[in-house]
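These numbers come from the heavy atoms of this one structure, side chains and all, not from hydrogens, waters or symmetry mates. Chain letters run A, B, ... following the sequence lines, proteins first and then strands; every chain starts at 1. These figures come from a predicted structure and were not determined experimentally.
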2 protein chains.
Amino acid sequence: MRKENSTNTLNKQQMEKDCGMSYTLSTIGGRWKPAILWRLTHGKMRYSALRDSIPQVTERMLVLQLRELEKDGLIKRLVYAEVPPRVEYELTEKGNSLKAVLNSLSDWGAKNRIS
Amino acid sequence: MRKENSTNTLNKQQMEKDCGMSYTLSTIGGRWKPAILWRLTHGKMRYSALRDSIPQVTERMLVLQLRELEKDGLIKRLVYAEVPPRVEYELTEKGNSLKAVLNSLSDWGAKNRIS
DNA sequence: CGGTATCCTGCGTGATACTG
DNA sequence: CAGTATCACGCAGGATACCG
């Protein structure tokens, strides 16, 4: 393994930047998380509405990614004790603070795809 | 497969947003691309300097991701006909325009990690 | 110095069927 | 309605050795 330049201050600043970026990418990464988060920025949604608004996702993947987003504190899962059952998802404050990031991703993409 | 709501205008707007986000994530995604891009925002760098500033990366992965970044038009590869050989990498205009995105990723991460 | 060439592994994702 | 349970698999990523 190569030698680390552990005393270089610039390196430490870079490591912090790297850390921030990879933390963010790991929480919003995953095939369906950006789409889910984006939809929830418009407000609370039921499970079925979320599912129908992302036609390509399988229920397995939708639920898996919802659970991860919940675990990471980005969304809240609201269960109503009714028949038939009703479950809604909404962004937490932390989740809402992602809106700027999602917009920046979306804007850059809009300007630069179309080779 | 479930039915698509292909006439819903809101859905189309969402699809555009999704597209932009996933295009961006696919170009800056990958384990080492954010780190590489971030370093190059400080200016031109030699291959060996890049490699040494990211101690954990293997040469295989470094080169693979450099090639993809080049193919996507984010960086330029400058080869000097010297002995010993010298290769430098620098951001293109398109690559430079990513700086805002990278900063937004890094800033959100810095504020929100540390559970 | 700046890379390639092989081989290998895990994990993220998908298809499909079933359930409280 | 809102999920689970299984099975399967490709491919991003890593280890290691070698090259012009």
### Message
Tell me if the CD atom of A:Glu93 is crowded by more than 12 foreign heavy atoms within 6.0 Å.
### Response
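Incorrect, the count does not exceed 12.
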Looking at [options], which one has an atom nearest to any side-chain atom of [X]?
X: B:Arg31; options: C:dT13, D:dC1, D:dG14; answer: D:dG14
X: A:Arg77; options: C:dG2, D:dA2, C:dA15; answer: D:dA2
X: A:Arg86; options: C:dC1, D:dA2, D:dG14; answer: D:dA2

Using a cut-off of less than 4.0 Å, is there contact between a side-chain N or O of [X] and OP1 or OP2 of [N]?
X: B:Arg60; N: C:dC8; value: no
X: B:Arg51; N: C:dC1; value: no
X: A:Gln65; N: C:dG12; value: no
X: A:Arg67; N: D:dT4; value: yes
X: B:Arg46; N: C:dG2; value: yes
X: B:Tyr80; N: C:dG2; value: no
X: A:Ser48; N: D:dA2; value: yes

### Which atom of B:Ile75 lies closest to which atom of B:Thr92, heavy atoms considered
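Scanning both residues, the minimum pair turns out to be C-CG2, 3.7 Å.
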### Message
I need the minimum non-hydrogen distance between A:Gln65 and A:Arg31, along with the two atoms involved.
### Response
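Looking at all heavy atoms of both residues, the closest pair is NE2-N, 3.6 Å.
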Starting at [atom1] of [X] and ending at [atom2] of [N], how long is that distance when rounded to a whole Å?
X: A:Met61; N: C:dT16; atom1: CE; atom2: P; result: 16 Å
X: A:Trp32; N: C:dG12; atom1: CH2; atom2: C1'; result: 13 Å
X: A:Lys33; N: C:dT13; atom1: NZ; atom2: P; result: 8 Å
X: B:Leu78; N: C:dC1; atom1: CG; atom2: C1'; result: 16 Å
X: A:Glu59; N: C:dT19; atom1: CD; atom2: P; result: 15 Å
X: B:Glu68; N: D:dA12; atom1: CD; atom2: P; result: 7 Å
X: B:Glu82; N: C:dG2; atom1: CD; atom2: P; result: 10 Å
X: B:Leu69; N: D:dA12; atom1: CG; atom2: P; result: 14 Å

### B:Asp52 and B:Arg46: CA distance, side-chain angles, deciding distance, salt bridge (charged side-chain N to carboxylate O under 4.0 Å, His left out) verdict
CA-CA 10 Å; B:Asp52 295 347; B:Arg46 298 185 66 147; over 6 Å; no
### Query
Nearest nucleotide by nearest heavy atom, which residue falls closer to the 5' end of DNA chain C, B:Pro85 or A:Pro85?
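The residue whose closest nucleotide sits nearer the 5' end is B:Pro85.
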### Task
Check the angle between the aromatic planes of A:Trp108 and B:Tyr23 and answer parallel, tilted or perpendicular using the 30° and 60° thresholds.
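Parallel.
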